[in-house]
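All figures in this text were calculated on a predicted structure; none of them were measured in a lab. Just follow the structure's listing: the first ligand is 1, and inside any ligand the first atom is 1.
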Amino acid sequence: VRPLRLMYKNPVPAREENIKKAAEIIKMGGVVAFPTETVYGLGANALNPHAVARIYEIKNRPSFDPLIVHVCSIEMVDRVAERVDEISKRLMGRFWPGPLTIVLPKRETVPSITTAGLETVALRMPANETALKLIEYSSTPIAAPSANPFGYVSPTNALQVAEMLGDRVDLILDGGKTTFGVESTIIMVRDERVFLLRPGALPVEEIEEFLKVRVEVLEGERVLSPGMLPKHYAPKAKVFIMGDWNDYYRLKALYGNVALVLPKRKGYYDLNAIYLSEEGELREIAANLFETLYSLDKKGIKFAVFKGVEERGLGRAIMNRLKKASG
Ligand code: TXA
Ligand code: MG
């Protein structure tokens, strides 16, 4: 993990003229950081292999980790996907724009660097005005991973992007704090079966309820969802997940200064604790999670104990990120 930057390009407000400027940069093969409803993305023209190569370079991302391609219309899907099965179509109709990424067979037009050599491409239509306009004005699908150095915490506001990568990107669009705070849910349909490749901002329960099918969890399948490494989303601070309260006291005895992070404020009276939400609402916890992980490093905190949440609904994505942050 590289230290946070002291010298960086200031983010510019996501106003019309700046989005247009950003689109010009994308068209010329540049790299722009932009807000989505999940986390900030580091975007380049998905169809330009040189532009995409710069994303890997800026992030220090291994070449086996494929990118998500962002679209603003169904017409754009057809430009990059070889075919779209019926179930995927229905999912797009119901959940797009929104935090759902769908893996589809790719067309030749998509360079292999974008998909890390896979024959499939991961697509999503973000529910964020700035992102949608940027894609539209660029007239090209935009490949964008989260805008952080590889393996580090994903950014949920523009200042974090600036501090992490601000000396290396061409422009940062500031669209404020992201709504969800965790990445999109990734699924893939094969022979009418639906597989979950990454839990995310859209709870799988909602997909199951809509399709009336069980979503199968595909874990440990590197080939199908590479880049899902056991340690990811990790700050420099060492992160622990509390089994019970004794764990906290034991770690405190061992390391002395240990930050305590609790999912809700209500019912707790620890003045030194960091709280992820007021009432334990999962949406609020998710929205604050990465920012809290990030703040540990900014405050120079070395050890932190998190009390987890139940792995249901959005809780599944929250715990997935926490477990990866703790390695
Ligand atoms: O919410 C999000 O999805 C954010 C915003 C910026 O859109 N993006 C994001 O990208 O989380 P990234 O690079 O952090 O995650 C990309 C992951 C890869 O690590 C891999 O697991 C999966 O998406 N992926 C991409 N292409 C794939 C493919 N063809 N087949 C299977 N999994 C793929
Ligand atoms: Mg990422």
Side-chain angles (χ1 to χ4, degrees), residues 32-44 46 52 55-56 58-72 80-82 95-107 110-128 130-132 134-135 141-156 160-161 164-165 173 175 178-190 195-202 218-234 286 290 293 317 320-321 324-325:
V32 170
F34 64 97
T36 80
E37 79 281 38
T38 57
V39 300
Y40 273 72
L42 187 66
V52 173
I55 294 180
Y56 282 87
I58 291 172
K59 280 196 64 140
N60 223 338
R61 184 179 177 107
S63 58
F64 58 78
D65 195 358
L67 305 178
I68 292 173
V69 173
H70 298 67
V71 298
C72 65
V80 287
E82 185 65 42
F95 295 110
W96 279 10
L100 175 67
T101 296
I102 303 176
V103 174
L104 293 166
K106 84 168 188 79
R107 272 189 199 279
V110 185
S112 65
I113 185 168
T114 303
T115 64
L118 297 175
E119 287 306 309
T120 53
V121 61
L123 292 178
R124 90 177 191 93
M125 190 188 290
N128 176 291
T130 300
L132 289 173
L134 177 64
I135 302 163
I142 294 181
S146 48
N148 51 277
F150 183 72
Y152 195 64
V153 183
S154 307
T156 53
Q160 288 168 10
V161 179
M164 293 192 273
L165 304 171
L173 284 173
T178 62
T179 318
F180 287 96
V182 288
E183 291 84 351
S184 61
T185 302
I186 307 179
I187 62 114
M188 181 180 62
V189 179
R190 284 259 171 104
F195 297 96
L196 176 70
L197 305 184
R198 177 177 76 183
L202 178 69
L218 222 124
E219 258 164 343
E221 283 266 8
R222 281 288 157 73
V223 191
L224 289 171
S225 200
M228 292 305 283
L229 304 176
K231 184 155 174 148
H232 215 92
Y233 312 108
F290 283 137
L293 287 167
N320 171 275
R321 305 303 188 270
K324 294 200 173 191

For ligand 1, find out whether one of its N or O atoms is nearer than 3.5 Å to an N or O atom of T101. no
Among I68, V121, T36, closest by any non-hydrogen atom to atom 9 (C) of ligand 1: I68
Is there at least one pair of N or O atoms, one from H70 and one from ligand 1, spaced under 3.5 Å apart? yes
Any atom of ligand 1 sitting under 4.0 Å from a heavy atom of M188? no
Show which atoms of ligand 1 fall inside a sub-4.0 Å distance from at least one heavy-atom site of G41. 6 (C)
Ion pair R124/E183, N-O distance below 4.0 Å: no
For L197, counting its heavy atoms only, list the atoms of ligand 1 lying under 4.0 Å from any of them. 31 (C)
How about N148: does one of its N, O or S atoms come closer than 2.8 Å to the Mg ion (ligand 2)? no
Distance filter under 4.0 Å to A144 heavy atoms, resulting ligand 1 atoms: 6 (C), 8 (N), 10 (O)
Atoms in ligand 1 with a heavy atom of L118 nearer than 4.0 Å: 28 (C), 29 (N), 30 (N)
Numbered in order shown, the ligand 1 atoms found under 4.0 Å of a heavy atom of S184 are 1 (O), 2 (C), 3 (O)
So, taking the atom named CG in L165 and the one named OH in Y40, what distance separates them when rounded to the nearest 0.5 Å? 13.5 Å
Ligand 1 atoms in contact with V103 (distance to a heavy atom under 4.0 Å): 30 (N), 31 (C)
Atoms in ligand 1 with a heavy atom of T120 nearer than 4.0 Å: 28 (C), 29 (N), 30 (N)
Is E82 reaching over with its side chain to a backbone N or O of P105, donor-acceptor style, under 3.5 angstrom? no
The answer for which part of R61 has a heavy atom under 4.0 Å from ligand 1 is side chain
How far apart are the closest heavy atoms of P99 and L202, and which atoms are they? O-CB, 3.8 Å
For T101 and S184, what are the C-alpha separation, side-chain angles and deciding distance, and is it a side-chain hydrogen bond (donor to acceptor under 3.5 Å, both in side chains)? CA-CA 6 Å; T101 296; S184 61; 2.7 Å; yes
For the CG atom of N128 and the CZ atom of F34, what is their distance to the nearest 0.5 Å? 8.5 Å
Any side-chain heavy atom of V71 within less than 4.5 Å of one from M125? yes
Measure the spacing between CD1 of I142 and NE2 of H70 and express it to the nearest 0.5 Å. 8.5 Å
Quick check: do T36 and F180 have side-chain heavy atoms less than 4.5 Å from each other? no
Short N or O distance, Y40 and ligand 1, threshold 3.5 Å exclusive: no
Which atom of S154 lies closest to which atom of F290, heavy atoms considered: O-CB, 3.3 Å
With heavy atoms of P66 as the reference, note each atom of ligand 1 found under 4.0 Å away. 16 (C), 18 (C), 24 (N), 25 (C), 26 (N), 27 (C), 33 (C)
